[in-house]
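All values below come from the heavy atoms of this structure, side chains included, with hydrogens, waters and symmetry mates left out. Below, chains carry the letters A, B, ... as their sequence lines are ordered, and counting in each starts from 1.
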Protein chains: 2
Amino acid sequence: MALDMSELEPVSRRSTAEIVADRIRTAIMRGTFPPGTQLGEVELAGRLGVSRGPLREAMQRLVAEGLLRSERHRGLFVRELDADDVRDVYIARTAVERAAALLVLAGDRGAAAARLTGALGAMEAAARAGDAVALADADHDFHAELVAASGSPRLRRMTDALLVETRMCLAALQETAPPAPDLLAEHQTLRDAVRDGDAHRFVTTLEAHMTDAVTRIVAAMPVAGGDLTGA
Amino acid sequence: MALDMSELEPVSRRSTAEIVADRIRTAIMRGTFPPGTQLGEVELAGRLGVSRGPLREAMQRLVAEGLLRSERHRGLFVRELDADDVRDVYIARTAVERAAALLVLAGDRGAAAARLTGALGAMEAAARAGDAVALADADHDFHAELVAASGSPRLRRMTDALLVETRMCLAALQETAPPAPDLLAEHQTLRDAVRDGDAHRFVTTLEAHMTDAVTRIVAAMPVAGGDLTGA
DNA sequence: ACGCAGCAGATTGTTGACAACTATAGGAGC
DNA sequence: GCTCCTATAGTTGTCAACAATCTGCTGCGT
């Protein structure tokens with residue numbers, strides 16, 4: 001692992017809006033604010049100990065990321081994701097992670113494989129402990145590490161946003177319970193493909209991994225226009 | 001082309017921050033604010049006829065998009081792009097546009113090819129007229145249309161941001177003057193590949209197109225640490 | 001009973017002023 | 001002459017109050 005230089009960094013270099021945005025983002029990710037809920041400005045500002053000004057700035061940031069939906073003079077709502085959104089998230093993730101993996105394969109594969117192995121260890125531990133949320137965290141970290149290892153800031157930023165949306169889906173579905181052994185095996189295959197420099201195997205496994213996740217999530221989703229009328 | 005339903009849309013559905021962000025984004029794109037310039041809040045707010053509140057919200061949005069760099073208690077600066085950034089932008093663009101093209105090839109190729117042909121017409125007209133900025137606009141539109149035709153909102157949003165950064169590079173270089181005939185031929189090849197459903201040809205041409213652009217831009221860039229000292 | 005005008009409550013959008021911080025220019029001391 | 005300290009100007013960060021708008025309810029008229 002890299003050195004921990006956090007002690008040397010200035011304390012308050014991050015703006016208040018950024019900190020507030022991070023807090024709300026994780027809250028949305030964890031399912032604290034289910035999709036569709038309205039976020040009142042005064043209540044959130046009071047709860048976070050800031051005024052409405054910085055909070056509104058943070059909200060605009062989240063709107064730009066696609067996590068919130070803003071209706072003028074009506075309020076801010078947590079974005080609701082339908083089946084098409086789930087498909088779209090995974091299409092984008094596949095595109096970005098594929099590109100990241102190709103960059104990794106052209107670079108330092110050993111270091112990347114080591115980082116992925118670390119994330120794999122966390123997944124195994126979570127799976128053994130039967131901790132579903134920890135498993136989701138480790139899964140999240142695995143893919144984040146993969147893209148981070150590519151060294152591309154833009155792919156990294158895109159993935160961060162997409163992973164948050166992924167967690168939103170999972171949180172809304174209240175633990176879709178993917179079969180842990182299969183999940184582990186697939187990620188192990190990805191790690192091995194990175195280690196061995198096998199691009200074709202990686203891409204094939206990744207695409208299968210993504211389409212599997214989509215079908216599982218979409219199947220567990222409540223039907224969009226859930227009425228049983230003939231139309 | 002699709003129907004023009006703009007008359008039916010509500011007048012002020014877009015928030016002020018969004019409008020302001022669009023204005024500043026295009027200004028940065030067009031090179032009105034060169035990279036590195038500080039954007040004073042009071043001056044911008046006065047020029048746009050809004051107060052500092054909405055303007056700061058718009059700024060946060062642009063910071064989230066990666067167009068601005070915020071230094072606490074010091075100000076907002078237009079992001080400066082070095083050679084690594086150029087490479088990164090084109091890596092991300094290649095990843096996104098490749099995925100978009102594969103979606104298009106799996107969908108309505110004819111409609112997509114028609115939209116691309118329209119953008120190609122604008123490129124030809126601009127090339128004939130020798131209008132470099134119009135050519136850049138048409139080039140921009142071509143790639144935007146391609147990704148829009150994929151029907152993926154997320155790929156669309158990513159491309160919008162990446163294309164703005166692309167224009168930033170070009171504007172900073174004061175018309176890098178790519179050979180117009182070659183540019184036209186490459187885009188024609190891309191259109192034909194979409195029309196014929198030739199995925200391999202499309203990807204190959206796209207990658208060549210991107211790497212060409214990178215080498216051309218990087219070569220025309222001022223050297224990062226442009227001192228001639230021995231180090 | 002049903003529908004609609006008008007009102008009350010709450011929420012968002014905007015503004016101007018105040019506080020905190022940074023950078024620069026000038027002068028005192030060595 | 002050079003360095004360091006200080007005052008000052010200009011910037012950003014934050015806040016509380018004001019204005020505009022939407023929603024739900026009440027009461028009247030048909």
For this session: Give the ring-plane orientation class for A/His209 versus A/His143, where under 30° counts as parallel, over 60° as perpendicular and anything between as tilted.
Result: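 Ring orientation, 0 to 90° scale: parallel.
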Answer yes when [X] and [Y] have at least one side-chain N-carboxylate O distance shorter than 4.0 Å, and no when they do not.
X	Y	result
A/Asp137	A/Arg30	yes
A/Arg156	A/Asp160	yes
B/Arg25	B/Glu65	yes
A/Glu57	A/Arg61	no
A/Arg167	A/Glu165	no

Problem set entry | Base-contact (B) and sugar-phosphate-only (S) positions in nucleotides 8-24 of chain C, heavy-atom cut-off under 4.0 Å, - elsewhere | ----BBBB-B---SSS-
Exercise. Between which nucleotides of DNA chain D, 5' to 3', does chain A make heavy-atom contacts below 4.0 Å?
Worked result: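 For DNA chain D, the relevant span reads D/dT14 to D/dT23.
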For this session: Report the C-alpha separation of A/Met210 and A/Glu97 in whole Å, then their side-chain angles, then the decisive distance to 0.1 Å, and conclude whether the side chain to side chain contact (heavy atoms under 4.5 Å, CB included) test is met.
Result: CA-CA 11 Å; A/Met210 292 295 185; A/Glu97 295 193 27; 3.7 Å; yes
